[in-house]
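Here is the structure we will look at.
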2 protein chains.
Amino acid sequence: MYEMTRETLTRDRILRGALAVADTGGLAALTIRSLATELGVKPMAVYHYVANKDEILDGLVDQVFSEIDLPSPEGEWREEISRRMVSARAALRRHPWAIALMESRRTPGPASLSRHEATLATLRQGGFSVVAAAHAYALIDSYVYGFAVQETSLPIGRPEEMGEVAREIMETFEGAYPYMTEIATEHVMQPGYDFGDEFEIGRELVLDALEVLRRRGG
Amino acid sequence: MYEMTRETLTRDRILRGALAVADTGGLAALTIRSLATELGVKPMAVYHYVANKDEILDGLVDQVFSEIDLPSPEGEWREEISRRMVSARAALRRHPWAIALMESRRTPGPASLSRHEATLATLRQGGFSVVAAAHAYALIDSYVYGFAVQETSLPIGRPEEMGEVAREIMETFEGAYPYMTEIATEHVMQPGYDFGDEFEIGRELVLDALEVLRRRGG
DNA sequence: GGTCATTTCGTACATAGTACGGTAGCGTCA
DNA sequence: TGACGCTACCGTACTATGTACGAAATGACC
């Protein structure tokens, strides 16, 4: 009779539900009980498909990774890696809680592994030596993850409010932090400013750095 | 009679205790009760000095920031920024839980602000335009934070065990992940490999990129 | 020594994860 | 057709956590 009222539960449905809960309410809002409610089920039903909450969290991380476009080893490396970076950043922006999760979960899921593989393939095919590919990989992910960390830990909201925050900083600290005041007034508070735009600038610089690595072979 | 058996509690003592607990047992081990035990006090005593646990976590983040050497605006920018990057990475390595915390706490503490200010000062004094300094700042922190994220999410342990993990990956996935296998056998499993060494390589590349920003003025 | 402010604690409650065993709907075989 | 068992789901309850609330202990000052 279960199929009539709702689809039967699956591990996948659980993960998708967890993703939805985390996206709307943040990681803190994701409890077994809230997840069960989201799924239209009682809490303990979940435990038929996952051993514990940690397993759900591991699954979530992999879910996010699976949203990242894989680079194609046949394509031009710079293009492909650039696309992958943009895609990764977009995914981490859609799911700002993901970075914090990644820190604690050290068991890579299938999507994570595929991503590693595809990226390494693209680099190697693009003319990077093994060692250069290793260096490149560390740099790429450092930049993408680090940017995501900064983006999610920006004081409160998204783009627009930044101006407001900057104004407050200025008013409160003015004399104490002259350089912050300077950058706030002359840059951050300017109309059209969006921290997210920094991503493209840094990305191009990182890609240039990769080219250096590629040419010098490590 | 308290001064005989122990110093009186202070907000600072609480934060230092919390840092100790988190360092030895990870963030999960940091509970009000465990913290109280560490301090030789009953749980509710803590609440006389902090409003809630979140405030402790905010304090912890700032505590970690305070361990990062401030760059000196009078020094040569490349030298100073480099030192700051190394110092930041070292701090984040000492306190691997800090990155995950940073994601959620968006209220910067005094140490965080000082660090921002000193870094901006160094860049501006070093010849970066306002806009270039903004770009530079985003790039620097992205790299440092992102590297820390990667470092803490490395499968399990520190340096040495990496070789072991790589072997397992190889055995398990061999055919499925040829490029990962390649990099594992030819690089990661080589004696003396340490992921941490990647930091210096990426750091130099980032510093080169900063020089580009500086010269072109944004 | 009495009063008061400060600091510490005891108790208790809501919410979290989840162990354990029960139950209900389905297919299978006699 | 009915007994049985398997799978999916649920009810109850235990433990740990953050923390509200008010009591108690301590030290300062008259």
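Every chain is numbered from 1, with letters handed out A, B, ... down the list of sequences. Values reported hereafter were calculated over all heavy atoms of this structure, with side chains retained and with hydrogens, waters and symmetry mates removed. Treat the numbers as computed from the prediction; the structure is a model and nothing was measured.
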Length of the NZ-P vector between A:Lys42 and D:dA13, whole Å: 16 Å
State whether a side-chain donor-acceptor pair under 3.5 Å links B:His95 with B:Glu67. yes
Distances for protein N/O vs nucleotides 12-16 of chain C N/O pairs under 3.5 angstrom?
| from | atom 1 | to | atom 2 | distance (Å) |
| --- | --- | --- | --- | --- |
| C:dA16 | N7 | A:Arg33 | NH2 | 3.2 |

At less than 4.0 Å, is any side-chain N or O atom of B:Thr8 found next to OP1 or OP2 of C:dT8? Yes or no. yes
Expected output is a numbered-order residue list: members of residues 43-50 of chain B with a heavy atom under 4.0 Å from any atom of DNA chain D. What is it? B:Met44, B:Tyr47
Could you tell me whether a side-chain N or O of A:Glu80 sits under 3.5 Å from a main-chain N or O of A:Thr122, the two making a donor and an acceptor? no
Rounding to a whole Å, what distance do you find between B:Asn52:CG and D:dT17:P? 17 Å
Heavy-atom distance under 4.5 Å between the side chains of A:Arg94 and A:Asp23, does that happen here? no
Say whether, by atom type as modelled, one donor and one acceptor occur between the side chain of A:Thr119 and the main chain of A:Arg115 under 3.5 angstrom. yes
Using ring-ring contact (aromatic ring centres under 6.0 Å, His included), reason through B:Phe199 and B:Tyr143 one step at a time and then give a plain yes or no. CA-CA 9 Å; B:Phe199 185 74; B:Tyr143 179 68; 5.4 Å; yes
How close or far is atom C1' of C:dG17 from atom CG of A:Leu57, stated in whole angstroms? 12 Å
Are the side chains of A:Thr152 and A:Arg93 in touch, meaning some heavy atoms are under 4.5 Å apart? no
Short side-chain to backbone donor-acceptor contact, A:Asp62 and A:Phe65, under 3.5 Å: no
Look at the side chain of A:Gln63 and the backbone N and O of A:Arg16, then say whether any donor-acceptor pair between them is shorter than 3.5 Å. no
